[in-house]
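Right, one structure below, let's go through it.
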Amino acid sequence: MSRTSTGPFGPWPTFGKFDFCMMIGCLSTIIVGNSILLFPQIFPSAQEHSLRDLRIAIDEHKPDLKQRIERHLAAHPDDPEGCFMAAEQAIHDFDQPRATQFFLKLPDDGGHWTLQRELGFARCCRIQGRMFEEEAHLRKVLALNPHCIEANDHLGHLLQVQGRAWESSTPLMTQILRGRCRGDELMAVSGSEKFFRSDPEYQRRSVGSKSEKSEIGLLGAARKLIFENRNGEAEETLRTVIAALPSLGEAQGRLGRMIVDRGVEQHFLDWRGSLPDAA
């Protein structure tokens, strides 16, 4: 217990043996705790030292970065950050199979690395024109983090390019509510039939891909044909999409509108009777 003594400047406390031991114990705990926290920074492991060098090499755009990453992974083959760097380097080199290989090695931790893995898969799919697979990966990202800027941006763009304007409003509105009120987002969610995004190169990659659902890339082209009043070509394109994807609501809806505008009742009844429940 502390006691009080009188000094030249008034009363000041003195400490008994128990108080002194408590104070020493607290100081020791603080010192040990800080040592544990700072030890990796002061004395990094070989793996952490290698990662530091890689981060510097990336920042400084070192020309031998790929070789540095390969040396790091030779020594630490299961390091998540090293695998992520290797995947990013492979995308930079247009080597999608190698990028996929390293994204697969990222741990499924339900958090940071799962999110980075799904974003990486989505990027590979986008480059290869595999629209449906890209959408699936982006939706997995948004299940982990509904406000992920990159995932919402890419999903909104993807759905717009596909001609799925109704569905695109959800990710784009998420961006608007978080303050990203650019013209594209505002126009897309306004419901204007005259606004849609066009990405011919992306659509070409999609239609040319070997995906069994590559016809989705034609929906955006059909919408462009409708906008240009080329209704015959648009209807033919929509029927191609629906033959492959009968439950795709926007394709069915746009075809139905064209049939209604034509004014032939039997054509409408035939179309309506063919609709699957999902549409």
Is Leu275 linked to Leu269 within one hydrophobic cluster, defined over Ile, Leu, Val, Met, Phe, Trp and Tyr using a side-chain heavy-atom separation of less than 4.5 Å? yes
Got a second to check how far Arg117's CZ is from Asp109's CG, nearest 0.5 Å? 8.5 Å
Any heavy-atom pair between the side chains of Asp93 and Lys66 that's under 4.5 Å? yes
Crowding at CZ, Arg262 (>12 non-hydrogen neighbours, <6.0 Å): yes
Among pairs that include at least one residue of residues 166-175, which meet salt bridge (Lys or Arg N to Asp or Glu O under 4.0 Å), considering only residues two or more places apart or in two chains? Arg164-Glu167
Can you hop from Val161 to Leu142 via hydrophobic side chains spaced under 4.5 Å? yes
Do you know which two heavy atoms are closest between Ala165 and Arg223, and how far apart they sit? CB-NH1, 3.2 Å
For Leu159 versus Arg139, what's the shortest heavy-atom pair and its separation? CD1-NH2, 4.0 Å
Heavy-atom nearest pair, Gly111 first then Leu144, reads O-CD1, 4.3 Å
Enumerate the residue pairs fulfilling ring-ring contact (aromatic ring centres under 6.0 Å, His included) with a member in residues 249-268, sequence neighbours excluded, ordered by first and then second residue. Phe268-Trp271
Exam field: side chain Gln252 to backbone Pro246, donor-acceptor pair closer than 3.5 Å: yes
Examine distances only and state if a side-chain atom of Lys105 and a backbone atom of Pro77 form a donor-acceptor pair shorter than 3.5 Å. yes
Counting C-beta onward and ignoring hydrogens, is there a side-chain heavy-atom pair between Glu135 and Gln162 closer than 4.5 Å? yes
Find out whether Ile91 and Ile127 are in side-chain contact, i.e. whether some heavy atom of one side chain is under 4.5 Å from a heavy atom of the other. yes
What is the distance from atom CD1 of Ile58 to atom CE of Met85, rounded to the nearest 0.5 Å? 4.0 Å
Beyond-backbone contact of Glu236 with Leu225, side-chain heavy atoms, under 4.5 angstrom: no
Non-hydrogen atoms of Ala122 and Leu138 that approach each other most closely: CB-CD2, 3.8 Å
Any pair counted as ring-ring contact (aromatic ring centres under 6.0 Å, His included), so long as it reaches residues 134-154, sequence neighbours left out: Phe121-His137
Hey, could you give me the SG/CD distance between Cys125 and Glu118, rounded to the nearest 0.5 Å? 9.5 Å
Could you see if Leu106 belongs to whatever hydrophobic cluster contains Leu73? Use Ile, Leu, Val, Met, Phe, Trp, Tyr and a side-chain cutoff under 4.5 Å. no
Those residues at least two apart in sequence (or on a different chain) that pass salt bridge (charged side-chain N to carboxylate O under 4.0 Å, His left out) with Glu150 are none
Identify the heavy atoms of Gly156 and Ser168 that sit nearest to each other, and give their distance. O-CB, 3.8 Å
Spacing of SG belonging to Cys148 relative to CD belonging to Gln175, to within rounding of 0.5 Å: 8.5 Å
Take atom CD in Glu265; do more than 12 heavy atoms of anything else shown fall under 6.0 Å from it? no
Output every pair passing salt bridge (Lys or Arg N to Asp or Glu O under 4.0 Å) with a member in residues 77-86, not counting sequence neighbours, ordered by first then second residue. Arg55-Glu81
Value for CG (Leu238) from CD1 (Ile226), rounded to nearest 0.5 Å, stands at 5.0 Å
Measuring only between side-chain heavy atoms, which start at C-beta, is Ile69 closer than 4.5 Å to Leu65? yes
Does a side-chain heavy-atom distance below 4.5 Å link Glu88 with Arg123? yes
Once rounded to the nearest 0.5 Å, what's the spacing between atom CG of Leu219 and atom CD1 of Ile242? 9.0 Å
Using only atom types and a distance under 3.5 Å, with no angle test, would you say the side chain of Thr100 pairs donor to acceptor with the backbone of Gln96? yes
Sorted by chain and residue number, the salt bridge (charged side-chain N to carboxylate O under 4.0 Å, His left out) partners of Asp270 (sequence neighbours excluded) come out as none
So, for Thr174 and Pro146, which heavy atoms are closest and what is the spacing to 0.1 Å? CG2-O, 3.7 Å
Single-linkage hydrophobic cluster, 4.5 Å side-chain cutoff, Leu51 and Phe84 together: no
Mark yes when over 12 heavy atoms from residues, nucleotides or ligands other than His92 sit less than 6.0 Å from its NE2; otherwise mark no. no
Do Leu255 and Val260 belong to the same hydrophobic cluster, where Ile, Leu, Val, Met, Phe, Trp and Tyr are linked whenever their side-chain heavy atoms lie under 4.5 Å apart, directly or via other members? yes
